[in-house]
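The block underneath contains the structure these notes are about, expressed in structure tokens.
Chain letters run A, B, ... following the sequence lines, proteins first and then strands; every chain starts at 1. All figures in this text were calculated on a predicted structure; none of them were measured in a lab.
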There are 2 protein chains.
Amino acid sequence: MQSFETAYGTSPASLFQALLRPDKSKMSAAVQRTPGGKPAPGAGALLRFRNNQMIFNEGDEANYFYMVVSGRVRLCKMRYDGRRQIVDLMIPGDIFGFEYGTEHTFTAEAIGKTVLDSYSCRPIERLSEERLDVRRDLMTMLHHNLSSVRNHMVLLGRETARERVATFLATLAIRFRITGRGVMDLGMGRRDIADYLGLALETVCRELSGLRHAGLIEILDHRRIAVLDMAALQSISEGLQQRRPG
Amino acid sequence: MQSFETAYGTSPASLFQALLRPDKSKMSAAVQRTPGGKPAPGAGALLRFRNNQMIFNEGDEANYFYMVVSGRVRLCKMRYDGRRQIVDLMIPGDIFGFEYGTEHTFTAEAIGKTVLDSYSCRPIERLSEERLDVRRDLMTMLHHNLSSVRNHMVLLGRETARERVATFLATLAIRFRITGRGVMDLGMGRRDIADYLGLALETVCRELSGLRHAGLIEILDHRRIAVLDMAALQSISEGLQQRRPG
DNA sequence: CGGTCTGTTGAACGCGCTCAAGACTGGTGG
DNA sequence: CCACCAGTCTTGAGCGCGTTCAACAGACCG
């Protein structure tokens with residue numbers, strides 16, 4: 001079974017291993033990594049956030065970017081009437097908030113108790129002007145973000161509720177390096193899942209119950225879910241399950 | 001009234017004016033621009049596409065990128081069962097297909113008769129290693145794409161059908177530099193609009209009819225729409241119209 | 001142990017979808 | 001030039017998925 005303490009996101013962290021290499025880096029805020037690969041506080045300032053605490057707001061000046069050490073972070077867009085869309089979810093190891101422009105284009109909030117490593121944007125911008133590999137990593141990170149966000153657009157535009165929840169679970173499992181069976185800590189409530197998947201909170205509950213009754217998952221407690229049949233989850237996620245008979 | 005011949009996309013074209021500056025550029029494939037700002041064929045190879053013709057497929061090796069000279073291009077993702085989500089729409093002046101990675105992460109297809117200017121990726125990658133301003137423009141373009149795609153996620157996840165169609169029209173009008181009243185050529189059919197907005201084709205028809213009956217637009221023919229009340233369109237787009245009484 | 005927040009389940013509604021028919025458009029060949 | 005035809009658009013009718021509203025159960029925390 002996967003340990004949550006050592007689990008961390010695929011996305012930009014691995015890319016940034018080179019970027020933030022302490023030995024070669026001239027940047028003072030270099031990230032130190034423990035042998036196990038677990039993200040650990042580096043020379044950047046460690047910040048602690050409580051549940052639902054705002055990290056930065058859409059429109060704020062972008063002077064810092066962050067790496068998740070523990071907890072979860074939601075990147076979201078709000079509308080005046082309270083409707084909310086989570087555009088990305090950050091898990092330990094993920095990096096967010098780096099803008100080449102001047103201000104943040106989304107709001108970032110902590111989900112649960114969250115620890116972040118924060119870095120000033122300027123040094124890395126300067127570094128990227130000196131070093132080719134740093135530039136490549138920044139570009140790769142941006143492209144990776146763009147690609148994953150586009151995949152999520154297909155989910156929001158063209159998937160059924162059941163498919164969305166299955167995709168969410170399968171994708172999260174992969175990010176946590178769970179291949180077959182395994183337990184994972186969602187680290188967030190139904191409200192956040194719903195706003196990420198573009199569904200009502202109650203629909204998320206119902207679909208999770210449905211997947212449980214189908215024997216694909218087990219709901220250990222509100223936050224922790226055991227994946228029992230990853231293949232079936234992925235099958236539903238890809239729409240191979242009873243859609244359009246014939 | 002806006003002339004379609006001189007209209008071109010806001011997004012990356014203006015950013016790339018500096019990038020592809022012919023005088024300073026060492027790249028042979030420099031874009032020449034007419035005084036009016038209209039995108040014109042440069043030293044890049046001119047390619048002509050017929051309606052629905054594939055430009056490149058998801059997974060294809062990414063050796064070229066393109067600028068739209070005339071026509072429209074859809075960037076889309078397909079699912080096995082035929083469901084389709086258009087992740088971005090390109091209008092004249094827009095640039096697409098530049099990947100810092102190795103392969104394209106989406107499919108590109110021409111909508112209607114379309115002319116593209118094509119450029120090899122390598123020269124610009126080399127150029128970006130020499131010139132700071134080129135790097136900045138590439139980064140800015142990527143960030144712009146990321147930001148606009150995230151805005152579209154809010155539409156797909158949290159907007160009503162009426163709001164989506166109003167947002168579509170208002171956004172397109174702005175891209176065509178229409179401020180108050182004006183006529184614009186959508187350049188695409190209802191099917192494409194539907195797949196861009198995550199709706200059924202019939203729903204797009206109904207909502208367009210609704211906006212017409214409300215006096216906000218006029219449908220001149222299948223492709224051309226006159227915007228009569230831009231403010232009202234934007235008001236609906238932002239959800240300020242009768243949602244949640246009280 | 002009480003209070004509040006979160007999750008679950010049921011019932012009913014309604015938005016947007018599906019299915020279907022008809023109108024319109026644009027392109028083609030006689 | 002017009003007749004034809006295929007493709008696209010429009011509108012109607014009915015349905016169903018996911019939402020809303022509501023009640024209750026469970027979990028967490030002081």
>> Looking at Arg74(B) and Glu109(B), would you say the former's side chain and the latter's main chain have a donor-acceptor pair under 3.5 Å?
In response: no
>> Whole angstroms only, please: what is the CD1-C1' distance between Ile217(B) and dC9(D)?
In response: 14 Å
> What integer distance in Å separates Leu220(B):CG from dC24(C):C1'?
Replying inline: 15 Å
> Rounded to the nearest Å, what distance is computed from the CG atom of residue Leu155(A) to the C1' atom of nucleotide dG18(D)?
Replying inline: 15 Å
> Just checking, is any N or O donor in the side chain of Asn145(A) or Arg150(A) under 3.5 Å from an acceptor N or O on the other one?
Replying inline: no
> Rounding to a whole Å, what distance do you find between Leu199(B):CG and dT18(C):C1'?
Replying inline: 14 Å
>> Rounding to an integer number of Å, can you tell me how far His222(A) NE2 sits from dT9(C) C1'?
In response: 13 Å
>> From CZ of Arg223(A) over to P of dC5(C), roughly how many Å is that when rounded to an integer?
In response: 15 Å
>> Tell me whether the rings of Tyr66(A) and Phe56(A) are parallel (<30°), tilted (30 to 60°) or perpendicular (>60°).
In response: parallel
> Looking at DNA chain D, which of residues 203-210 of chain A put a heavy atom within less than 4.0 Å of it?
Replying inline: Thr203(A), Arg206(A)
> What nucleotide among dC17(C), dT19(D), dG16(C) has an atom nearest to a side-chain atom of Ala200(B)?
Replying inline: dC17(C)
>> For dT25(C) and Arg190(B) - does any side-chain N or O of the residue sit under 4.0 Å from the phosphate oxygens OP1/OP2?
In response: no
>> Run Met230(B) and Ile178(B) through side chain to side chain contact (heavy atoms under 4.5 Å, CB included) and show every step you take.
In response: CA-CA 9 Å; Met230(B) 185 70 172; Ile178(B) 296 172; 5.5 Å; no
>> Testing the 3.5 Å rule here: is there a donor-acceptor pair between the side chains of Glu159(A) and Thr167(A)?
In response: yes
> Is the backbone N or O of Ile217(A) less than 3.5 Å from a side-chain atom of Arg212(A), with the two atoms forming a donor-acceptor pair by type?
Replying inline: no
> Ignoring hydrogens and angles, does a donor from either the side chain of Glu202(B) or the base of dC9(D) sit under 3.5 Å from an acceptor on the other?
Replying inline: no
> Rounded to the nearest Å, what distance is computed from the CZ atom of residue Arg224(B) to the C1' atom of nucleotide dC9(D)?
Replying inline: 17 Å
>> Between Asn51(B) and His213(B), which residue's closest nucleotide on DNA chain D lies nearer the 5′ terminus?
In response: Asn51(B)
> What is the distance from CG of Asp192(B) to P of dC9(D), rounded to the nearest Å?
Replying inline: 9 Å
>> Categorize Arg162(A) for me: base, sugar-phosphate, or nothing, with a 4.0 angstrom heavy-atom threshold over every strand shown.
In response: nothing
>> Students often mix this up, so state it plainly: with edges at 30° and 60°, are the rings of Phe98(B) and Phe65(B) parallel, tilted or perpendicular?
In response: perpendicular
